[in-house]
Amino acid sequence: MSIPVVNSTVLGRVIARMAHEIAEGNPSSDDLVVVGIQKGGVALATRLAPAVGRIVGHPVPVGCLDVAMYRDDLDRRAAPAVMPTEIPVDVGGRTVVLVDDVLFSGRTVRAALDALADLGRPRRIQLAVLVDRGHRELPIRADFVGRNLPTSREQRVDVRWVEAGGDDSVHITEAPR
């Protein structure tokens with residue numbers, strides 16, 4: 001059973017609010033770069049970066065980061081599908097806003113921090129997530145959160161982006177037993 005919790009209208013408002021919070025949290029925005037974690041974070045990053053750019057008055061570079069080979073569960077999974085990492089600027093000395101769609105255990109973000117460190121030494125890294133569902137296994141906290149959605153560990157949060165054939169909505173789904 002899938003329960004819709006955010007529709008496209010609300011999603012647009014949430015992204016606009018997050019863009020304003022990122023702009024306000026980065027008054028010197030000249031060094032800002034927005035990087036989406038493959039796959040779910042990329043759609044959000046490609047929407048956040050131009051929205052932040054409109055607020056700060058200049059384009060904000062946007063990129064994507066694959067973390068498949070940085071996961072700490074590689075020995076427990078089938079070979080991961082590796083996606084592209086494309087960041088149009090050097091991250092060294094910049095403020096990187098790392099973006100993902102759902103924050104759960106924190107292990108994907110940990111992998112992303114490792115992957116980002118291999119690309120350079122950012123001045124500062126901030127984390128923006130559309131949904132924080134709790135159940136952290138690592139001491140990781142988002143700086144910018146679209147929605148807090150308390151869930152059980154057995155539930156799933158599905159973000160259905162238009163870019164991936166969805167309808168720009170968020171659903172909570174019961175996992176099959």
Side-chain angles (χ1 to χ4, degrees), residues 1-25 34-52 54-55 60 62-68 70-74 76-84 96-113 115 125-177:
M1 181 172 153
S2 176
I3 303 168
V5 291
V6 175
N7 64 26
S8 63
T9 302
V10 173
L11 184 63
R13 290 183 192 141
V14 168
I15 292 171
R17 179 180 47 77
M18 290 177 72
H20 280 276
E21 289 175 357
I22 291 168
E24 290 170 10
V34 176
V35 176
I37 300 173
Q38 293 279 13
K39 295 181 359 179
V42 175
L44 179 57
T46 57
R47 295 181 191 199
L48 276 174
V52 172
R54 285 189 293 276
I55 296 164
V60 174
V62 61
C64 58
L65 180 70
D66 181 69
V67 302
Y70 293 89
R71 296 193 58 90
D72 62 3
D73 59 356
L74 283 174
R76 299 179 191 166
R77 299 173 148 222
V82 177
M83 310 285 288
V96 175
V97 179
L98 197 57
V99 177
D100 206 358
D101 56 352
V102 178
L103 180 57
F104 181 39
S105 69
R107 292 186 182 274
T108 299
V109 173
R110 189 222 40 91
L113 292 171
I125 300 172
Q126 299 172 322
L127 178 62
V129 298
L130 181 63
V131 174
D132 184 347
R133 62 173 289 198
H135 306 286
R136 216 78 73 238
E137 295 173 1
L138 299 173
I140 290 175
R141 180 184 61 82
D143 299 286
F144 309 103
V145 177
R147 283 288 170 108
N148 285 295
L149 291 177
T151 62
S152 73
R153 285 190 149 283
E154 293 74 33
Q155 292 174 315
R156 289 184 43 98
V157 174
D158 297 316
V159 180
R160 301 176 182 176
W161 298 107
V162 165
E163 294 87 337
D167 58 355
D168 276 352
S169 62
V170 178
H171 295 248
I172 294 178
T173 305
E174 295 294 330
R177 295 180 186 234

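Taking the side chain as every heavy atom from C-beta outward, Met18 and Val145 never approach each other to under 4.5 Å. With contacts defined as side-chain heavy-atom distances shorter than 4.5 Å, the pair Val131/Asp101 does not qualify. Within the 4.5 Å cutoff, the side chain of Val99 has no heavy atoms near those of the Ile37 side chain. Proximity of Pro84 to Gln38: side-chain heavy atoms (C-beta onward) are separated by under 4.5 Å at one or more points. Annotation: side chain of Gln155 is not in contact with side chain of Pro150 (no heavy-atom distance under 4.5 Å).
Taking every heavy atom of both residues into account, Ser2 and Thr173 meet most closely at OG-OG1, 3.7 Å. Of all non-hydrogen atoms in Ala23 and Ile55, the two that sit nearest each other are CB-CG2, 3.5 Å. Considering all non-hydrogen atoms of both residues, Leu98 and Ala112 come closest at CD2-CB, 3.7 Å. Taking each heavy atom of Ala115 and Val67 in turn, the nearest pair found is CB-CG1, 4.4 Å.
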| Audit row: Asp167, Val162, side-chain contact (heavy atoms from CB on, under 4.5 Å) steps and yes/no | CA-CA 5 Å; Asp167 58 355; Val162 165; 5.6 Å; no

| task | Start with the C-alpha distance between Leu127 and Val129, add both sets of side-chain angles, then the distance that settles side-chain contact (heavy atoms from CB on, under 4.5 Å), and finish with yes or no. | result | CA-CA 7 Å; Leu127 178 62; Val129 298; 4.0 Å; yes

| request: Walk me through it: do Arg110 and Ile140 pass the test side-chain contact (heavy atoms from CB on, under 4.5 Å)? | output: CA-CA 8 Å; Arg110 189 222 40 91; Ile140 290 175; 4.1 Å; yes

| task | Kindly indicate, with the supporting measurements, whether the criterion side-chain contact (heavy atoms from CB on, under 4.5 Å) is fulfilled by Trp161 and Leu130. | result | CA-CA 12 Å; Trp161 298 107; Leu130 181 63; 3.9 Å; yes

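We find the CZ-CD1 distance between Arg17 and Ile22 to be 10.5 Å, quoted to the nearest 0.5 Å.
Considering Val97, Val96, Val62 in turn, Val96 is the only one that fulfils the side-chain contact (heavy atoms from CB on, under 4.5 Å) rule with Val35.
Arg136 has a carboxylate O that lies under 4.0 Å from a charged side-chain N of Asp132, or vice versa, which qualifies the two as a salt bridge. Taking a cutoff of 4.0 Å between a charged side-chain nitrogen and a carboxylate oxygen, Asp73 and Arg107 do not qualify as a salt bridge. Residues Glu137 and Arg153 are paired through a salt bridge, judged by an N-O separation under 4.0 Å between the basic side chain and the carboxylate.
Pairs engaging residues 126-157 under the ring pair (Phe, Tyr, Trp, His ring centres under 6.0 Å) rule: Phe104-His135 [sequence neighbours left out].
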Could you pull out all donor-acceptor pairs under 3.5 Å where a side-chain atom in residues 3-16 meets a protein atom, sequence neighbours excluded?
from, atom 1, to, atom 2, distance (Å)
Asn7, OD1, Thr9, N, 3.1
Asn7, OD1, Val10, N, 2.9

Name each donor-acceptor pair under 3.5 Å that joins a side chain in residues 42-52 to protein atoms two or more places apart or in another chain, with its distance.
from, atom 1, to, atom 2, distance (Å)
Thr46, OG1, Val42, O, 3.1
Thr46, OG1, Ala43, O, 2.9
Arg47, NE, Glu163, OE2, 3.1
Arg47, NH1, Asp168, OD1, 3.3
Arg47, NH1, Asp168, OD2, 3.0
Arg47, NH2, Glu163, OE1, 2.7
Arg47, NH2, Glu163, OE2, 3.1
Arg47, NH2, Asp168, OD1, 2.8
Arg47, NH2, Asp168, OD2, 3.2

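A donor-acceptor pair under 3.5 Å is absent between the side-chain atoms of Arg160 and the main chain of Gly165, judged by distance alone. Panel note: side chain Arg147, backbone Arg133; no donor-acceptor pair is recorded below 3.5 Å.
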